[in-house]
Every structure is written in C-alpha cells, then in structure tokens.
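Following: one structure in structure tokens, then a few remarks.
Both backbone and side-chain heavy atoms feed into the values below; hydrogens, waters and symmetry mates do not. Each chain gets a letter, A, B and so on, in the order its sequence line appears, and its residues count up from 1. Computed from a prediction, not measured in an experiment: that's the story for all the values here.
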There are 2 protein chains.
Amino acid sequence: MLTERQLFLMRLLVNDYVVSAEPVGSRSISKRDDVHFSPATIRNELADLEEMGYLEKTHLSSGRVPSEKGYRFYVDHLLSPEMLSDDEMDSIRNEYQKKFSETEELIRITAKVLSEFTNYTAIMLGPELLEMKLKHIQMVKLSQTQGVLIIVTDTGHVENRVVSFPETIRAEDIEKIVNILNDKLKMVPLFNLQSRLNDELASVLRANIRDYKKVMALLNNSFAINDPEQIFYSGKNNILSQPEFQDVEKIISLLNVLEGKEIVRELMNMPTRGLHIRIGRENKLNGFEECSLITTTYSVGSEHLGTVAVIGPKRMAYPRVVTLIDLVSKLLTENLNKQER
Amino acid sequence: MLTERQLFLMRLLVNDYVVSAEPVGSRSISKRDDVHFSPATIRNELADLEEMGYLEKTHLSSGRVPSEKGYRFYVDHLLSPEMLSDDEMDSIRNEYQKKFSETEELIRITAKVLSEFTNYTAIMLGPELLEMKLKHIQMVKLSQTQGVLIIVTDTGHVENRVVSFPETIRAEDIEKIVNILNDKLKMVPLFNLQSRLNDELASVLRANIRDYKKVMALLNNSFAINDPEQIFYSGKNNILSQPEFQDVEKIISLLNVLEGKEIVRELMNMPTRGLHIRIGRENKLNGFEECSLITTTYSVGSEHLGTVAVIGPKRMAYPRVVTLIDLVSKLLTENLNKQER
DNA sequence: AATTAGCACTCAGATAGAACGAGTGCTAAC
DNA sequence: GTTAGCACTCGTTCTATCTGAGTGCTAATT
C-alpha cells in the first residue's frame with residue numbers, strides 16, 4: 001500500500017512528465033511551491049516507488065519516468081477528469097448546433113472535435129453494419145444484365161450492391177423477387193440475411209422464380225459479409241508531432257498500425273460498453289508500444305452502435321482526454337437520438 | 001545544344017542517382033565498363049552541364065545531383081520506358097482476371113498494383129461524379145418524415161441522400177415526384193441536375209405536387225454538389241521509406257499534403273488527357289518540393305472518367321513508373337469498357 | 001525515526017579536434 | 001581534345017573531454 005506522500009509524488013510526477021516528456025528528477029520536484037521536503041527525501045520515496053515497479057529510469061543516473069504499471073496505477077487511482085473552460089465547452093457545443101441529415105456527418109464532426117481538442121488522433125467506428133436490421137430492399141435495373149440492389153437499414157444507412165442478372169430474366173421476376181425479400185426479410189439483422197435466404201427463402205424462390213439457381217447465387221453474393229466497418233479518422237498526423245516519434249521507423253510502423261485492420265479489431269473487442277483505457281503493451285499491437293488508447297461507445301436508443309477512440313502517446317493527457325471523450329460521446333448519442341426521434 | 005557525350009553522361013548520372021540517392025562523382029562514372037574517358041574529362045563535362053543548369057552540387061566538393069531543370073531535360077529528351085519482365089507482366093494481368101462487379105473495386109485494384117510494383121504511392125481519382133449522367137432515381141420511405149433518395153448513374157455508380165419529407169406528404173405524392181424526375185432528368189449530367197430542376201421542373205412540380213416549396217427545398221438539397229471526388233490511395237507509406245524523408249518535419253508536411261485537398265485539385269487540373277510528369281516545384285504545393293507526380297487518365301468509351309497518379313521522390317524511377325502507369329491505365333480502361341459492354 | 005546535507009559516482013549530450021575520403025578545379029603534359 | 005597530377009574543400013566519422021542533471025549512500029540533524 002502506498003503512503004499519502006507516495007500517492008502525491010506519483011501524481012505529481014506523471015503530470016509533470018506528461019507535459020515535459022523529460023525524465024523527472026528529485027530536484028525539479030522539490031522546487032515546486034506545494035512540495036515541502038528536500039530532494040533527498042524525494043529520492044528515497046522515488047527509489048521505493050521504483051522498487052515497487054511504478055517508476056523506471058532511462059539510464060542509471062537519470063530522472064524517473066512512469067512505467068506501464070505506473071500509468072495503470074495513475075489511471076486507476078489518481079485520475080480525476082479535467083474541467084473544461086467555458087469557452088471550450090461553448091465551442092464544442094457549437095459544433096453540434098448545425099442540422100445533420102446524415103449519421104455519418106455527425107460521426108465525422110465528432111471525430112474532428114475530438115482530435116482538435118485533444119491534439120491526438122481520433123478514430124470512430126461507425127454503426128456496426130452487421131448489427132443493423134433490414135428496413136427495405138429495392139432493385140434497380142441498369143441494363144438487361146446489370147442492376148443495383150439497395151439495402152436500407154433501420155438506422156438510416158443505405159448500402160448498395162451492383163449485381164449481374166441472368167440474361168433471360170424478366171422485369172416481373174425482379175419485382176417478384178424484391179417483393180418476396182421485403183416480405184420475408186424485414187427487420188432481419190444484416191448478418192443473418194444470408195442464412196435466412198438459404199434456409200427459409202430458398203423454397204419460396206424456387207417455386208416462384210425462373211433461373212432460380214442464378215438468382216440465388218446473385219443474392220448470396222449481395223448478402224455476403226463484406227468490409228463491415230466504417231472507419232473515420234481525424235488528426236491522423238497529430239500524434240506524429242509527439243516527441244516519442246522522432247524516429248522515422250517508429251512513424252512508419254505506427255502509420256501501418258493505424259491503416260491496418262488489427263486496430264479495428266482491437267477497438268471492436270472491448271469487453272464492455274463505456275470507457276476503457278489501454279496503455280502501451282496492454283494493446284496487443286506491434287508498433288503500438290508507445291501509445292495508449294482511450295475508447296468509449298455511443299448508441300442510439302438501447303442499441304450499441306459504435307466506438308469512439310483516441311490514440312495518443314502513453315504519455316497522454318489522460319484527464320483531459322477522458323473528459324473530452326466522455327463529453328463528445330454523450331453529445332453524439334444525444335444528437336443521434338434527436339435525429340431518430 | 002548538348003553534345004552526344006553530354007547526353008550520354010546526363011542519362012548515366014540520373015540513372016545512377018536514382019538508384020543510389022548519393023551525389024555522383026566523376027570517378028565512379030569513369031569506372032563503368034561503357035565509359036571510356038578519364039575522370040578528368042568527365043569532370044570537365046559535368047562542370048559544363050552544371051553551368052548550363054542541369055546539374056547541382058550539394059556542397060563545394062561534392063559529386064553532382066540533377067537539378068530540377070536536369071530532371072525536366074531527362075524526362076523530356078532522355079527517357080525511354082522500361083520493359084517489364086514477363087513475370088511481372090503476368091502477375092499484373094493476373095490481378096485483372098477476377099470478375100469485378102463494381103467500378104470501385106477495379107479502381108482499388110489498380111491503385112494496389114501501381115503502388116506495389118512501383119514502391120511509391122498511388123492515388124486514383126474516381127469517376128468524376130459531376131460528369132456522370134443520371135440513369136435512374138428512386139425514393140425509399142423510411143418513416144413518415146424520412147427517406148432516401150437513390151441516384152444511379154450511367155457508369156453504374158450509386159449515390160444516396162437522406163432526405164426529410166414534409167410531415168403532410170402522401171405516398172402518391174412521392175411516387176409522382178419520382179416519376180416526374182425520372183421522366184425529365186434522364187441522362188442529365190449530375191452537375192446540371194440542380195439548374196434543370198429549378199428551370200424546367202419547377203412549374204411541372206408546382207402544378208402536380210402539394211407542399212411544392214418544401215419538396216423543392218428537399219430536392220435542391222439533394223442535388224447540391226457535395227464532395228464530388230472519390231479518392232483511392234494505396235501504398236501511402238511507401239514513399240516515407242525513401243532516403244529523402246529522414247526528417248520528421250518533412251514526413252509530416254508531406255502527409256499533410258497527401259491528406260489535403262490541394263493535391264486533388266492539382267490532379268484535376270492537368271491540362272490535357274494522357275501522361276503528365278510534374279517535377280518538384282513544378283507542382284505548386286508546399287511540402288511537395290522533393291516529390292514528383294506522374295499522372296494519366298482513364299476512361300469509359302469516349303468519356304474522361306478519372307485520373308491515375310503516382311507520387312514518388314523527385315529521384316524517381318521515371319522509366320519504370322511511366323511504363324507501369326501507362327499499362328495499368330490501359331488495363332483499367334479496358335476492363336471498365338468490358339464491364340460496361 | 002524521519003529528514004536532510006554532503007559527496008562520490010554515472011551517464012547522455014554537447015563541443016572540439018584529427019583523420020579520412022570522396023569529390024572538386026586547375027594546370028601542364030601528352 | 002584528353003588526361004595525369006596536385007592542391008584544396010568539405011561532409012563524415014572517430015575519439016577525447018567537459019558539463020550538468022541526475023543518482024545512491026552515509027552521516028549528521030531535527
């Protein structure tokens with residue numbers, strides 16, 4: 001168990017390191033107005049904290065830096081959300097005053113606000129397509145052999161798939177197919193479409209439609225799961241200005257992580273809704289050792305819809321980011337629900 | 001006018017510098033098997049070429065590096081396209097063997113091929129939405145007050161806009177509107193939709209539709225020009241591994257250029273179809289001084305559809321890139337036309 | 001018993017000089 | 001016109017030294 005003074009020093013040290021990015025020494029701590037003990041005392045305390053694994057040195061005679069365990073402790077026990085100034089609150093709320101016709105635009109704005117006010121990188125996962133439910137299907141014929149299948153979901157999202165018809169198909173057939181689909185698949189989650197098609201609809205379609213096999217192939221194709229996530233980035237390059245990314249190697253491998261699929265998988269794999277903080281290697285991502293990830297979720301009604309995330313260096317301004325991510329996810333949820341009515 | 005030998009040396013030097021990224025000296029040139037004059041002679045020639053502005057030194061006693069004018073001369077007078085090996089040709093053609101149902105996928109593949117075979121960054125501008133023509137319009141009602149307007153273009157692209165209906169609208173009204181639009185706006189270019197709506201359709205709609213004003217506002221909104229370009233990147237980080245980008249500052253400013261709108265404007269502003277090479281400062285882009293841009297166009301039928309581009313360092317393997325960009329733009333055009341039939 | 005002053009020690013980073021080598025331009029000989 | 005020779009330049013690399021911010025430990029102080 002840590003003493004009161006150790007807690008005090010721990011918080012001080014992390015806060016200091018977060019802004020300076022330099023190892024913190026006993027002397028610089030002792031110089032502060034709110035510190036009333038000598039460098040030597042502080043050295044003893046820091047040595048104890050180091051022994052417990054909360055602090056590290058970069059070399060034998062350097063100042064201290066929080067270890068991953070130290071950040072974890074800080075985040076779990078010492079973190080108090082930062083108050084935003086009235087000005088900041090106003091300008092954030094202001095961004096949400098506009099009329100939004102599309103869910104996507106709302107998400108994009110949120111990403112922008114988040115990256116601009118944190119100066120880190122924001123990632124948003126859009127509504128999970130697969131969890132949406134089918135509201136309506138339309139088929140539009142482009143030529144004798146080509147058409148577009150339009151899938152409208154309950155959340156107002158619209159997907160479209162280009163399809164190739166069998167040569168011999170007739171307009172009535174298409175209409176019949178669409179009617180059957182709309183009749184039988186309404187409010188079915190998208191990830192279920194394909195199995196429902198093959199299980200329940202096969203016989204109906206076989207009975208009513210010529211070219212049954214080709215039509216089934218076409219529909220199977222259209223209902224196949226592809227690229228299920230919408231991803232919105234903002235401020236991708238912000239994080240590169242951080243002093244921990246002086247090295248070109250590191251920049252490239254971080255950019256590769258950001259472009260890649262693993263990060264998305266990581267974001268989707270949060271165990272519960274609400275706020276999560278993952279520090280450095282807690283994320284099982286190569287090239288992400290120097291970064292932390294703060295995520296939360298947003299929703300419409302009772303549905304879980306998507307994820308809001310901020311990526312910054314391990315040495316992140318946790319209090320501020322926690323406050324901001326919490327705020328914008330609430331604003332986003334609020335506005336989405338308003339829109340939905 | 002340059003002598004035969006100067007041309008020879010110029011070509012040699014650029015080719016050498018392109019692979020080594022190091023200033024080229026007279027001795028290293030003289031060591032080549034196909035060079036039969038002494039370092040001193042070469043020095044004299046290089047000094048002349050420098051005086052004419054084709055070469056530069058990085059410092060007083062360094063080897064030579066091509067100047068921007070030198071690259072320009074090389075590209076205009078000394079460039080011969082590189083032959084690809086049979087293996088390479090095969091594996092490129094192979095990528096296009098798959099069935100593509102969507103224009104976008106074809107473009108994406110092209111970007112991928114281009115970036116992987118050049119090891120630079122590929123950017124594709126998709127079909128210019130505004131130049132497409134309207135093929136078909138559909139309206140899908142989501143709720144009493146919300147719907148989706150679906151715009152299908154002649155090139156197989158599908159756009160959708162979420163719209164808010166006036167509260168009092170009836171299903172027949174919507175049907176009537178859609179019928180009128182399909183009747184009057186077929187094959188009208190998208191950029192003309194709005195003006196045609198206001199000029200020709202206003203009176204028809206006023207005569208037939210209740211809530212005329214609100215419907216006009218809704219349609220005006222949907223037909224407004226927004227975010228007209230689709231942009232596909234591939235190999236965004238390839239270029240960062242080039243030795244000219246050791247510096248974090250430069251990386252960040254280059255990434256900002258790549259993310260920004262200016263580069264797209266630059267790409268769209270090519271004076272003619274076909275191949276263009278822009279070297280360093282010839283692109284009027286801050287942070288792009290060390291880069292060159294090679295672009296060409298692709299098309300369906302006689303329509304200009306989009307732009308293919310490769311971004312690399314000024315010290316780019318021009319012969320190879322020219323060959324590749326030419327090849328893939330032809331393959332892309334070919335496959336788009338096949339699809340169109 | 002806790003705190004602090006004092007001191008020897010460590011180490012990254014900055015600074016300076018020497019040696020090296022790849023390059024140049026110029027001149028004179030071929 | 002070409003080339004050998006030579007003095008010179010300058011970036012790079014290596015080594016040595018110095019500096020300063022930091023440490024741990026011990027002994028004195030409170």
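For DNA chain C, the residues of residues 54-70 of chain A within the heavy-atom distance limit of 4.0 Å (strictly under) are A:His59, A:Leu60, A:Ser61, sorted by number. Of all the residues in residues 11-35 of chain B, B:Gly25, B:Ser26 reach under 4.0 Å from DNA chain C with at least one non-hydrogen atom.
One can place CG of A:Asp48 at 13 Å from C1' of C:dA2, the figure rounded to the nearest angstrom. Rounding to whole angstrom units, CG of residue A:Leu46 and P of D:dT23 are separated by 7 Å.
In this model, a donor atom of one side chain and an acceptor atom of the other lie less than 3.5 Å apart for A:Tyr318 and A:Ser292.
By the 4.0 Å N-to-carboxylate-O rule, B:Lys250 lies too far from B:Glu244 to be salt-bridged with it. Ion pair A:Glu88/A:Arg320 flagged as a salt bridge, since at least one NZ, NE, NH1 or NH2 atom sits closer than 4.0 Å to an Asp/Glu carboxylate oxygen. The existence of a salt bridge linking A:Glu290 and A:Arg315 is excluded, since no basic side-chain nitrogen approaches an acidic carboxylate oxygen closer than 4.0 Å. Salt-bridge formation is detected for the pair B:Glu259/B:Lys236: a Lys NZ or Arg NE/NH1/NH2 atom is positioned less than 4.0 Å from an Asp or Glu carboxylate oxygen. Electrostatic pairing of B:Lys284 and B:Glu262 does not count as a salt bridge here, judged by no charged N lying under 4.0 Å from a carboxylate O.
Evaluation of the side chain to side chain donor-acceptor pair (under 3.5 Å) rule for B:Glu22 yields no partner, not counting sequence neighbours. Partners of A:Ser38 under the side chain to side chain donor-acceptor pair (under 3.5 Å) rule, at least two apart in sequence or in another chain, are A:Thr41. Partners of B:Glu68 according to the side chain to side chain donor-acceptor pair (under 3.5 Å) rule, which considers only residues two or more places apart in sequence or in another chain, are B:Lys314.
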Which atom pairs link the protein and nucleotides 1-3 of chain D when you take only N or O atoms and keep those under 3.5 Å?
{"from": "D:dT2", "atom 1": "OP1", "to": "B:Arg5", "atom 2": "NH1", "distance (Å)": "3.1"}
{"from": "D:dT2", "atom 1": "OP2", "to": "B:Arg5", "atom 2": "NH2", "distance (Å)": "3.0"}
{"from": "D:dT3", "atom 1": "OP2", "to": "B:Ser38", "atom 2": "N", "distance (Å)": "3.1"}
{"from": "D:dT3", "atom 1": "OP2", "to": "B:Thr41", "atom 2": "OG1", "distance (Å)": "2.6"}

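Annotation: cation-pi geometry satisfied between B:Arg5 and B:Phe37 (NZ/CZ under 6.0 angstrom from ring centroid, within 45° of ring axis).
Nucleotides of DNA chain D nearest to A:Ala47 and B:Arg43 differ in position, and the one nearer the 5' end is that of B:Arg43.
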